[in-house]
Amino acid sequence: MQFLSLPKHVCQISPGPNYDFFSSVMRFIISSPVMPDAVVDYDLATCRWNIIQQQNMLHDRTRILYGTNSSSVTVEPSDARYSSPMHANLEDDHLWNDLSEFYACEQYVVPSFDGVLIPLTIVFARENKPKDEKPGILLGHGAYGELLDKRWRSEFKSLLDRGWVIAYADVRGGGGYGKKWHHDGRRTKKHNSVNDYISCAKFLIEKDFVNEKQLAAWGYSAGGLLAAAAINRLPDLFRAAVLKVPFLDATNTLLYPILPLVADDYEEFGYPGDLDDFLAIREYSPYDNVQKDVLYPSVLVSSSFNTRFGVWEAAKWVARVRDLSIYDPKRPILLNLTSDIVEENRYLQSKESALEAAFLIKTMES
């Protein structure tokens with residue numbers, strides 16, 4: 001048995017294409033919130049890493065931006081208890097294109113409403129700004145037992161350099177903490193995911209990581225349901241929100257089996273034919289719980305005609321929020337629709353990321 005010596009703050013390590021069964025070299029993909037993904041080879045015979053591919057210009061440009069003279073960051077060896085006994089530490093001249101010199105990554109545990117501790121990862125620039133100039137984004141997913149994607153994201157770099165805080169809430173319903181963690185955030189227990197997300201949002205504000213009037217919610221797909229449900233519950237907790245191809249009309253969508261859903265969707269969100277599940281769905285479904293005569297945060301909802309969750313869900317939710325909430329021109333409810341498959345087009349991904357960043361910056365400045 002060998003324990004791999006890894007860089008700090010690694011959030012995910014996945015095997016690459018290892019076609020030669022007899023080779024002593026294993027290929028991995030290493031991800032971190034403060035390091036671009038690295039494709040590496042690990043030699044089981046010598047216990048040495050070899051970086052095959054990793055973005056390196058990003059580190060040099062960031063070093064110029066922050067005016068530091070250091071050329072790169074050396075990985076600290078892992079704890080001896082978890083290291084291989086032979087050649088466990090990385091070579092002294094082995095350097096990763098790590099950005100932890102410029103951006104801090106900290107882990108916390110946040111007590112939820114029922115006392116369960118929720119892991120929270122916070123990333124921010126080391127050049128701290130005053131308390132009243134610290135906007136932030138809280139990301140979450142909490143569905144299907146899937147790991148929350150905490151990899152380095154270049155589209156957030158411009159926000160980090162402006163003093164933003166990027167936080168990741170590993171709420172119940174997601175993966176990485178066992179089957180019970182997943183089951184405690186699905187079907188009739190879906191409210192646990194929303195409560196966990198709200199608890200993490202309050203933690204960021206109470207501990208002065210984020211200004212109380214500058215916190216944004218961010219969710220993709222089922223994470224959009226999570227963020228929208230939290231906004232319905234406490235609209236004044238957030239100043240803005242970005243919902244990407246969100247699942248917003250759970251009740252009606254789950255009631256019509258002709259829509260492109262699979263068995264996992266019903267296992268995750270509940271069977272409307274079961275009374276307990278139906279009542280739970282109505283309780284958390286964003287479309288069914290929009291508050292009346294309440295001031296909502298600014299929201300940007302993006303959806304596509306090619307997504308699995310219908311584009312009409314985003315349109316219906318936006319229309320209902322506009323109709324029921326208090327109108328404020330400084331808090332627009334925007335709907336961005338496209339007929340293209342954004343996930344398969346790098347240009348469209350960059351265009352949409354730029355739109356989201358501009359929306360968040362403009363909202364916080366106003």
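The basis for the numbers below is simple: all heavy atoms, side chains too, and nothing from hydrogens, waters or symmetry mates. This chain uses plain numbering: 1 for the first residue, then up along the sequence.
Under 3.5 Å, the side chains of Asn195 and Arg233 contain a donor-acceptor pair of N or O atoms.
Applying the side chain to side chain contact (heavy atoms under 4.5 Å, CB included) criterion to Thr363, with sequence neighbours excluded, gives Arg239, Ala240, Ser298, Phe359. Val165 meets the side chain to side chain contact (heavy atoms under 4.5 Å, CB included) test with Ile122, Phe124, Val210; sequence neighbours excluded. For Phe247, the ring-ring contact (aromatic ring centres under 6.0 Å, His included) criterion is met by Phe269, Phe309, not counting sequence neighbours. Asp236 is linked by a side chain to side chain contact (heavy atoms under 4.5 Å, CB included) to Leu234, counting only residues two or more places apart in sequence or in another chain. Taking Ser302 as the reference, Leu300, Asn336, Glu352 meet the side chain to side chain contact (heavy atoms under 4.5 Å, CB included) condition, with sequence neighbours excluded. For Phe203, the ring-ring contact (aromatic ring centres under 6.0 Å, His included) partners at least two apart in sequence or on another chain are Tyr108. Residues passing the side chain to side chain donor-acceptor pair (under 3.5 Å) test with Arg322, sequence neighbours excluded: none. Partners of Trp152 by ring-ring contact (aromatic ring centres under 6.0 Å, His included), not counting sequence neighbours, listed by chain and number: Tyr103. Considering only residues two or more places apart in sequence or on other chains, Tyr327 meets the ring-ring contact (aromatic ring centres under 6.0 Å, His included) condition with none of them.
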Legend entry - Stepwise side chain to side chain contact (heavy atoms under 4.5 Å, CB included) test for Ser304 and Val311: CA-CA 6 Å; Ser304 168; Val311 67; over 6 Å; no
Inset, instruction - List the steps, then state whether side chain to side chain contact (heavy atoms under 4.5 Å, CB included) holds for Tyr296 with Val290. - result: CA-CA 10 Å; Tyr296 266 61; Val290 176; 3.7 Å; yes
Legend entry - Full working for side chain to side chain contact (heavy atoms under 4.5 Å, CB included) between Ile205 and Leu237: CA-CA 9 Å; Ile205 294 173; Leu237 184 61; 3.7 Å; yes
Inset, instruction - Would you sort out whether Asp249 and Arg320 count as a salt bridge (charged side-chain N to carboxylate O under 4.0 Å, His left out), showing the intermediate values? - result: CA-CA 11 Å; Asp249 189 13; Arg320 175 162 284 193; over 6 Å; no
Inset, instruction - Tell me, with the steps shown, if Glu155 and Glu356 meet side chain to side chain contact (heavy atoms under 4.5 Å, CB included). - result: CA-CA 9 Å; Glu155 60 265 34; Glu356 293 162 2; over 6 Å; no
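In plain terms, the two heavy atoms of Leu139 and Arg153 that are nearest each other are CD2-NH1, 3.6 Å. Nearest approach of Ala229 to Tyr284, heavy atoms of both residues: CB-O, 3.7 Å. Minimum heavy-atom separation, Glu268 to Ala143: OE2-CA, 3.4 Å. A pairwise comparison of heavy atoms in Asn211 and Lys213 identifies OD1-N, 2.8 Å as the closest pair. Residues Pro235 and Leu295 share a closest heavy-atom pair of CB-O, 3.7 Å. In terms of heavy atoms, Ala216 sits closest to Leu360 at CB-CD2, 3.8 Å.
Checked for salt-bridge contact, Lys330 and Asp328 miss the test: no charged N lies under 4.0 Å from a carboxylate O. The residues Asp184 and Lys189 are annotated as salt-bridged, a charged nitrogen and a carboxylate oxygen being separated by less than 4.0 angstrom. For the pair Asp170 and Lys150, the salt-bridge criterion is met [side-chain N within less than 4.0 Å of a carboxylate O].
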Quiz: residues 275-283 side-chain donor-acceptor pairs under 3.5 angstrom, not counting sequence neighbours:
| from | atom 1 | to | atom 2 | distance (Å) |
| --- | --- | --- | --- | --- |
| Asp277 | OD2 | Arg187 | NE | 3.1 |
| Asp277 | OD2 | Arg187 | NH2 | 2.6 |
| Asp277 | OD2 | Tyr271 | N | 3.0 |

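There is no path of hydrophobic side-chain contacts, each under 4.5 Å, that joins Ile51 to Val25. Using a 4.5 Å cut-off between side-chain heavy atoms of Ile, Leu, Val, Met, Phe, Trp and Tyr, with links allowed through other members, Leu147 and Val123 fall into different hydrophobic clusters. Taken together through direct or relayed side-chain contacts under 4.5 Å among Ile, Leu, Val, Met, Phe, Trp and Tyr, Val109 and Leu204 form parts of separate hydrophobic clusters. The hydrophobic cluster containing Leu117 does not contain Tyr168, counting ILVMFWY residues as joined when their side-chain heavy atoms lie under 4.5 angstrom apart, directly or transitively. Note on Tyr256: it clusters hydrophobically with Trp317, by side-chain heavy-atom contacts below 4.5 Å among ILVMFWY residues.
Rounding to the nearest 0.5 Å gives a distance of 8.5 Å between CG of Asp274 and OG1 of Thr188. Atom CZ of residue Phe113 and atom NZ of residue Lys202 lie 4.5 Å apart, to the nearest 0.5 angstrom. The line from CG of Asp196 to CH2 of Trp181 is 6.0 Å long, rounded to the nearest 0.5 Å. Put simply, OG on Ser31 and CG on Asp37 are 3.5 Å apart, with the number rounded to the nearest 0.5 Å. Expressed to the nearest 0.5 Å, how far CD1 of Ile30 lies from CH2 of Trp49 amounts to 4.0 Å.
Trp218 and Phe156 have perpendicular rings, their planes meeting at more than 60° on a 0 to 90° scale where under 30° would count as parallel.
Through direct or relayed side-chain contacts under 4.5 Å between Ile, Leu, Val, Met, Phe, Trp and Tyr, Phe22 connects to Phe21. Applying the under-4.5 Å side-chain rule to Ile, Leu, Val, Met, Phe, Trp and Tyr, the cluster around Val39 extends to Ile29, Ile52.
Listed for the Arg172 side chain is no donor-acceptor partner under 3.5 Å among the backbone atoms of His191. Remark: the backbone N or O of Met26 is not paired with any side-chain donor or acceptor of Asn18 at under 3.5 angstrom. Remark: side-chain polar atoms of Asn50 are not paired, donor with acceptor, to backbone N or O of Asp41 under 3.5 angstrom. Between the side chain of Gln291 and the backbone N or O of Asn232, at least one donor-acceptor pair lies under 3.5 Å. For Tyr197 (side chain) and Leu138 (main-chain N/O), a donor-acceptor pair under 3.5 Å exists by modelled atom type.
The environment of CD in Gln53 is sparse: at most 12 heavy-atom neighbours from other residues, nucleotides or ligands sit within 6.0 Å.
Looking at His9 and Gln107, their side chains come closer than 4.5 Å, going by heavy atoms from C-beta outward.
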